[in-house]
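To keep things clear, I will list the structure first and then write my remarks on it.
None of the values given here were measured: they were computed from a predicted structure. Order of the sequence lines sets the chain letters (A, B, ...), proteins ahead of strands, with each chain counted from 1.
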2 protein chains.
Amino acid sequence: MSSTEKYHATTSHSVSKKAYHHGDLRAALIEATRQLVEEKGPDRFSVSEACRRAGVSTAAPYKHFKDKTEMLVATVLEGMDRHRSKMLAALDGIPEGSPERITAIGMEYIAFALSEPGIFRLKFGGFTDRIADPRLEEGGQQNFSILLTEVAKCLGEPGITEEVRRRGFLLWSFVHGLSFILHDRRLAEKGEEFDLHAILEDVSERMLN
Amino acid sequence: MSSTEKYHATTSHSVSKKAYHHGDLRAALIEATRQLVEEKGPDRFSVSEACRRAGVSTAAPYKHFKDKTEMLVATVLEGMDRHRSKMLAALDGIPEGSPERITAIGMEYIAFALSEPGIFRLKFGGFTDRIADPRLEEGGQQNFSILLTEVAKCLGEPGITEEVRRRGFLLWSFVHGLSFILHDRRLAEKGEEFDLHAILEDVSERMLN
DNA sequence: CTCATCAAGTTAGCATCTCTAACATATGTT
DNA sequence: AACATATGTTAGAGATGCTAACTTGATGAG
């Protein structure tokens with residue numbers, strides 16, 4: 001269901017031929033947007049600059065996106081997909097029901113927030129009111145479910161019960177806030193000062209009892 | 001040390017006289033900025049519109065602020081002052097050393113984030129890299145100290161020890177993340193579904209042992 | 001009181017940005 | 001081959017951030 005599938009990847013060899021048609025401009029614009037959001041910050045991003053980077057005129061994006069906001073939404077969605085994949089991959093090899101699985105999700109959550117702070121803040125930082133896109137909410141819910149599934153197994157609950165939801169919510173709040181603060185205060189750089197993994201283990205235990 | 005003191009509050013009666021000089025344009029612009037940031041969102045804010053609202057030309061602000069960013073910084077600083085006052089006021093009447101004081105700070109922290117989400121997100125949402133202003137860091141540290149002081153008393157520690165700092169950091173992370181999520185998901189509206197005060201009491205206890 | 005000075009307004013204008021309208025060119029269907 | 005459609009282009013309107021140069025009025029020295 002990748003949103004790029006409907007665009008045929010033609011002329012992969014003819015980039016230098018200055019083809020009138022780009023091949024997959026939509027994907028190229030998303031990638032340019034992603035880069036710029038990281039380089040300049042979510043607010044300093046401009047459509048024009050993304051166009052320059054993709055090598056097209058400033059009007060071209062409007063054949064693919066309704067407006068600037070939709071361009072950003074598409075970029076965030078792509079980021080959330082990657083984020084989800086990474087969190088799932090992080091679970092690989094850790095035994096079912098182990099609390100270590102919850103720690104692993106938290107570590108990966110924070111790693112994403114720190115390695116792609118632009119996208120992370122674009123999603124969560126302050127644009128939410130405008131970007132009240134149902135696809136974003138759905139993606140967020142999907143990612144949250146990964147955590148809930150593990151919490152349920154850890155607590156020995158039969159499924160996503162109300163109690164599971166409550167505990168998961170507490171855990172998410174903590175890791176979410178931690179992500180912001182670590183980045184804001186550049187505390188990730190002072191890595192030796194505190195062991196992130198240990199903190200997550202500690203808090204998970206406290207929260208899940 | 002109010003930053004407005006140096007501006008004489010003249011012509012308080014002559015607003016309608018269309019005085020060439022405004023009286024206290026700096027404060028008026030900060031207030032207009034605050035309103036607009038809440039109404040339109042931190043990103044949709046424009047200097048021009050603040051000027052319109054304050055009734056001056058678009059060049060006027062640059063006599064008081066270096067650029068748009070500094071205008072926003074000044075507005076955030078003003079908000080942080082109010083935030084601090086409110087948190088301190090919330091402690092009034094609660095006995096020293098009581099864990100209830102920590103809950104009260106958390107409640108007030110969240111209340112601010114939900115009642116002034118624009119300012120809250122302007123400070124914490126995604127502009128931090130650009131707004132690496134030492135005054136903002138200092139203000140943040142001051143507000144954090146309010147919490148640390150209470151944590152120290154609750155733990156019976158002699159002062160802001162490393163352990164106090166660690167526990168306070170965990171608590172802050174949790175409340176910080178909760179603030180974002182409650183607003184993002186508009187969960188504050190579904191107030192009956194969960195008792196915020198109870199959650200904070202629960203988590204504080206878990207975190208402080 | 002007068003006048004020079006300075007702070008704090010103004011207008012005009014440049015560079016940039018978002019987005020639209022009208023036009024141009026590939027692509028692929030028939 | 002020809003038409004329809006998708007996907008580019010150029011031109012330009014309207015908003016914005018900020019600067020330069022000018023204007024106004026408050027203030028303090030003589």
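- For the pair D67(B) CG and dT16(D) P, the interatomic distance rounds to 17 Å; values are reported in whole Å.
- For the side-chain contact (heavy atoms from CB on, under 4.5 Å) criterion with L200(B), the lone passing option out of I110(B), D195(B), L171(B), I102(B) is I110(B).
- Between the CE atom of M71(B) and the P atom of dT16(D) there is a distance of 13 Å, rounded to whole Å.
- Nearest nucleotide to the K63(B) side chain, out of dA21(D), dC19(C), dG8(D): dA21(D).
- In this entry the distance linking CG of D24(A) with C1' of dA26(C) reads 16 Å, nearest Å.
- We find that E162(A) and R166(A) are not joined by a salt bridge, their nearest charged nitrogen and carboxylate oxygen being 4.0 Å or further apart.
- Counting atom types as modelled, K68(B) pairs no side-chain N or O with a base atom of dG17(D) as donor and acceptor under 3.5 Å.
- Taking the six-membered ring for Trp and the full ring otherwise, the centers of F180(B) and F124(A) sit at least 6.0 Å from each other.
- A salt bridge does not link D43(B) with K68(A): none of the charged nitrogens is closer than 4.0 Å to a carboxylate oxygen.
- To the nearest angstrom, C1' of dT20(C) lies 18 Å from CZ of F65(A).
- Between E31(B) and R34(B) there is a salt bridge, since at least one side-chain N of the basic residue sits less than 4.0 Å from a carboxylate O of the acidic one.
- The phosphate of dG9(C) has OP1 or OP2 within less than 4.0 Å of a side-chain N or O from H64(B).
- Rounded to an integer number of Å, the gap from R26(B) CZ to dG9(C) P is 12 Å.
- Separating the CZ atom of R52(A) from the P atom of dG8(D) is a distance of 18 Å, rounded to the nearest angstrom.
- A ring-centre distance under 6.0 Å is not found for F169(B) and F144(B).
- Candidate nucleotides dG17(D), dT18(C), dG9(C) were compared by shortest atom distance to the side chain of S46(A), and dT18(C) ranks first.
- The interatomic distance linking Y62(B) (OH) with dC18(D) (C1') rounds to 5 Å, in whole Å.
- When the side-chain nitrogen and oxygen atoms of R44(B) are compared with OP1 and OP2 of dA15(D), none of them lie within a distance under 4.0 Å.
- Counting heavy atoms from C-beta outward, H176(A) and H176(B) have side chains that stay 4.5 Å or more apart.
- Within residues 53-61 of chain A, the residues approached by DNA chain D to less than 4.0 Å at the level of any non-hydrogen atom are V56(A), S57(A), A59(A), A60(A), in residue-number order.
- The interatomic distance linking E49(A) (CD) with dT16(C) (P) rounds to 11 Å, in whole Å.
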